[in-house]
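Shown next, in structure tokens, is the structure this report addresses.
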Amino acid sequence: METIDLRFMKEAIASAQEGLQKLAGGPFGAVIVKDQRIIARGYNRVLLDRDPTAHAEIVAIRAACNHLHDFQLHDCDLYTTCEPCPMCMGAIYWARPRRVIFACTREDAAKIAFDDAFIYEEIQKPLSERRIPMFSMGREEALKLFQQWEQMENKIRY
């Protein structure tokens, strides 16, 4: 007997298959479900869109938020064909779905040359030791923006 979760995972896999057929990017697909209905789909579009952020999860999150007219995915489930990368994890935590269900692991992805272990390692390093140089400048001026935000009465926190 097929569970509802397995049914939605099969839909995420079908989305990944669609992306593969279009040579859009890697073998990754995602669907977002609310009230047992798919409200958004995504597949990896990195090559198609020439956009390194166009991972399946992010494509689906953008579509779902647009569908819901909201910047968060309250009471939604995200089904994805692979354990999310660090970038997608950040987007997922900002979107706040109820749960994430994934098929393949990041170790499975590494075996086919989608290895994001170096990103996890880079995040842990001090700025001065990262592969891409990172440093702070203009802080005093930029802090004025933070103070302006803090004082705004009509801001929407997220």
Side-chain angles (χ1 to χ4, degrees), residues 8-9 11-12 15-16 19 24-110 113-158:
F8 290 131
M9 182 56 72
E11 291 291 333
S15 290
F28 307 104
V31 297
I32 296 178
V33 174
K34 184 175 177 87
D35 300 326
Q36 309 239 340
R37 287 183 38 249
I38 294 173
I39 62 166
R41 297 174 181 273
Y43 53 80
N44 184 301
R45 299 179 56 93
V46 169
L47 301 176
L48 193 64
D49 294 350
R50 295 177 185 89
D51 178 356
T53 69
H55 289 197
E57 297 91 336
I58 291 178
V59 170
I61 288 168
R62 288 174 179 157
C65 288
N66 189 47
H67 173 81
L68 295 172
H69 305 286
D70 199 348
F71 55 87
Q72 294 187 329
L73 301 175
H74 301 290
D75 301 318
C76 293
D77 296 328
L78 188 151
Y79 295 81
T80 181
T81 57
C82 190
E83 183 178 353
C85 75
M87 175 183 68
C88 292
M89 286 291 289
I92 288 165
Y93 274 93
W94 281 114
R96 294 178 178 87
R98 180 174 52 186
R99 29 178 222 153
V100 174
I101 302 92
F102 63 89
C104 297
T105 65
R106 60 178 152 174
E107 291 80 15
D108 296 327
F114 287 96
D115 190 0
D116 53 14
F118 78 96
I119 298 171
Y120 288 99
E121 293 167 7
E122 286 289 300
I123 291 169
Q124 301 300 317
K125 292 180 181 178
L127 294 176
S128 62
E129 295 177 22
R130 293 184 181 170
R131 292 183 198 182
I132 298 174
M134 297 184 184
F135 54 92
S136 177
M137 68 180 335
R139 182 171 178 264
E140 291 305 315
E141 193 65 27
L143 275 173
K144 292 175 187 174
L145 296 170
F146 283 36
Q147 292 163 353
Q148 183 180 348
W149 166 259
E150 193 174 42
Q151 294 170 7
M152 287 175 62
E153 292 182 19
N154 61 341
K155 66 181 166 256
I156 298 172
R157 296 194 182 273
Y158 57 95

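The line from NZ of K144 to CD of Q148 is 11.0 Å long, rounded to the nearest 0.5 Å. The line from CE of M89 to CD of E83 is 7.5 Å long, rounded to the nearest 0.5 Å. The line from CD1 of I101 to CG of L78 is 7.5 Å long, rounded to the nearest 0.5 Å. One distance of note links NZ of K125 with CE of M134; it measures 11.0 Å at 0.5 Å rounding. With rounding to the nearest 0.5 Å, the separation of CG in L73 from CH2 in W94 is 14.0 Å. Put simply, CD1 on I58 and CD1 on I61 are 6.5 Å apart, with the number rounded to the nearest 0.5 Å.
Checked by atom type and distance alone, the side chain of T81 never pairs as donor or acceptor with a backbone atom of A103 at under 3.5 Å. Panel note: side chain R130, backbone I123; a donor-acceptor pair is recorded below 3.5 Å. Not a single donor-acceptor pair under 3.5 Å links the side chain of Q72 to the backbone N or O of R96. A distance-only check finds a donor-acceptor pair linking the side chain of N44 to the backbone of V46 [under 3.5 Å].
I39 is listed as a side-chain neighbour of C76, based on a closest heavy-atom distance under 4.5 Å. Side-chain contact between T80 and F28 is absent, with no heavy atoms from C-beta onward closer than 4.5 Å. Counting heavy atoms from C-beta outward, D116 and P86 have side chains that approach closer than 4.5 Å.
Shown here for T53 and R62, the closest heavy-atom pair between the two residues is OG1-NH2, 3.5 Å. Across all non-hydrogen atoms, the minimal contact from G42 to A60 is N-CB, 3.9 Å. Closest heavy-atom contact between D70 and C65: O-CB, 3.0 Å. Between A30 and S15, the closest heavy-atom pair is O-OG, 4.1 Å. Listed here is the closest heavy atom pair of I38 and V31: CG2-CB, 4.2 Å. Annotation for R37 and F8: closest pair N-CZ, 4.4 Å, computed over non-hydrogen atoms.
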Carefully, step by step, assess D75 and K34 under the rule side chain to side chain contact (heavy atoms under 4.5 Å, CB included).
CA-CA 6 Å; D75 301 318; K34 184 175 177 87; 3.8 Å; yes

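Using a 4.0 Å cut-off between charged side-chain N and carboxylate O, D77 and R98 make a salt bridge.
Applying the 6.0 Å contact sphere to CD of E150 captures no more than 12 heavy atoms from other residues, nucleotides or ligands. In the displayed structure, M152 atom CE is contacted under 6.0 Å by more than 12 heavy atoms of other residues, nucleotides or ligands.
In the model, R99 has a side-chain atom that pairs as donor or acceptor with a side-chain atom of Y79 under 3.5 Å.
Partners of P27 by side chain to side chain contact (heavy atoms under 4.5 Å, CB included), not counting sequence neighbours, listed by chain and number: L20, I112, F114. For the side-chain hydrogen bond (donor to acceptor under 3.5 Å, both in side chains) test, no residue two or more places apart in sequence or in another chain qualifies with K155.
Sequence neighbours left out, the pairs with a member in residues 34-76 that pass ring-ring contact (aromatic ring centres under 6.0 Å, His included) are F71-Y158.
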